[in-house]
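The analysis underlying the following values was restricted to heavy atoms, covering all of them including side chains, and did not include hydrogens, waters or symmetry mates. All ligand and atom numbering here is 1-based and tracks the order in the structure.
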Amino acid sequence: MKIGFVGLGNMGAPMAANLAKAGHEVTGFDMAAVSVEGVTMAASATEAAKGADVVITMLPNGDILRRVAGEVIPAMQTGAVLLDCSTVDVQSARDVAAQAVAAGLHALDAPVSGGVGGAAAGTLTFMVGGGDDGFNIAGELFDVMGQKAVHCGPSGNGQAAKICNNMILGVTMIATCEAFALADKLGLDRQAMFDVVSTSSGYSWSMNAYCPAPGVGPKSPADNDYTPGFAAELMLKDLRLSQMAAEAVDADTPMGRAARDLYAQFVEEEGGKGRDFSAMLPRFETRGRG
Ligand code: NAD
């Protein structure tokens, strides 16, 4: 396929490289001067989009997505697919999709889980919103860039799935970290705590697969001085998106709100920026109740 790829950062560059390696003809554009193996660089987003069967965007936020979509949609050929893989607010995803569909295009919002490692290895999970036709056309690209693509319903539902998942993740990580810190103060050994919880009703991905306590459980960023992994500021971004969505539809999400507030404090006031999101454990360790 002929693919335009806009946004070749930490995630976009390895995704585009994998598409080129699989034999697709990829033309890329990024505001920054970047080069990606196998990808022909264009002078603008519009130029990258011209004549493409699929235009993929991998951008920082909804405002930038809206801007880029405004440029590329008029340049795209009828029947082509606009495939946005960024994590953005649900409303931006829905507005951009409506604009694309009105211009005779297919539109998909397909945020990913799996991080930079998953992007490089081609093992991302895509959560996809949009029509069946677009989903079928993009299917072979999901197979190259990822290991799983779940069609979640109409436009915006991919973003909805992503922020609901990450709201659960943020909340369970905080719960796991505060429980470890409580266990410490009660004199309970961390290994014993892990052995019990990971096989009892308190288990979760945060405990079992990404244990925030160094030297306990599987290898995780905790074993590498909390070098991300999944940075706390990216978790904060997703928690903010989940609260923005909850406000828009009047959903009561007290735990999600508390998680957002804690990560905001951690990132903005307590040196959490640039640390893995599981570094909530050393944060709790040093605190008392007041
Ligand atoms: P990044 O900042 O490394 O990459 C974004 C790229 O977009 C940059 O290279 C930037 O120069 C480019 N860009 C910005 N404005 C542009 C414009 N107007 N035209 C063209 N290019 C422009 O970010 P990333 O880590 O690659 O993340 C991309 C998206 O994926 C974000 O929405 C993020 O939330 C999501 N995401 C990231 C991860 C992760 O672990 N990094 C995991 C899952 C999802």
Inset, instruction - Working to the nearest 0.5 Å, report the span between SG of C152 and CZ of F135. - result: 8.5 Å

When you check ligand 1 against the protein, what N or O pairs turn up below 3.5 Å? List the atom names and distances, or just say none.
from     : atom 1 : to   : atom 2 : distance (Å)
ligand 1 : 3 (O)  : N10  : N      : 2.9
ligand 1 : 3 (O)  : N10  : ND2    : 3.2
ligand 1 : 9 (O)  : D30  : OD1    : 3.3
ligand 1 : 9 (O)  : D30  : OD2    : 2.6
ligand 1 : 11 (O) : D30  : OD1    : 2.6
ligand 1 : 21 (N) : M31  : N      : 3.3
ligand 1 : 26 (O) : N10  : N      : 3.3
ligand 1 : 26 (O) : M11  : N      : 2.8
ligand 1 : 32 (O) : L59  : O      : 2.8
ligand 1 : 32 (O) : T87  : N      : 3.0
ligand 1 : 32 (O) : T87  : O      : 3.4
ligand 1 : 32 (O) : K237 : NZ     : 2.9
ligand 1 : 34 (O) : K237 : NZ     : 2.8

Legend entry - Residues clustered with V68, ILVMFWY side-chain links under 4.5 angstrom: V6, F29, V55, L59, I64, L65, V72, I73, M76, L82, V88, V96, L105

Inset, instruction - With sequence neighbours left out, write down each residue that passes side chain to side chain contact (heavy atoms under 4.5 Å, CB included) with A20, or none if nothing qualifies. - result: V26, V39

Inset, instruction - Check which hydrophobic residues are tied to V249 through side-chain heavy-atom contacts below 4.5 Å, counting indirect links as well, and list them. - result: none

Legend entry - Side-chain donor or acceptor of S220 paired with backbone N/O of C211 under 3.5 Å: yes

Legend entry - Separation between CE of M127 and NE2 of H151, rounded to the nearest 0.5 Å: 14.0 Å

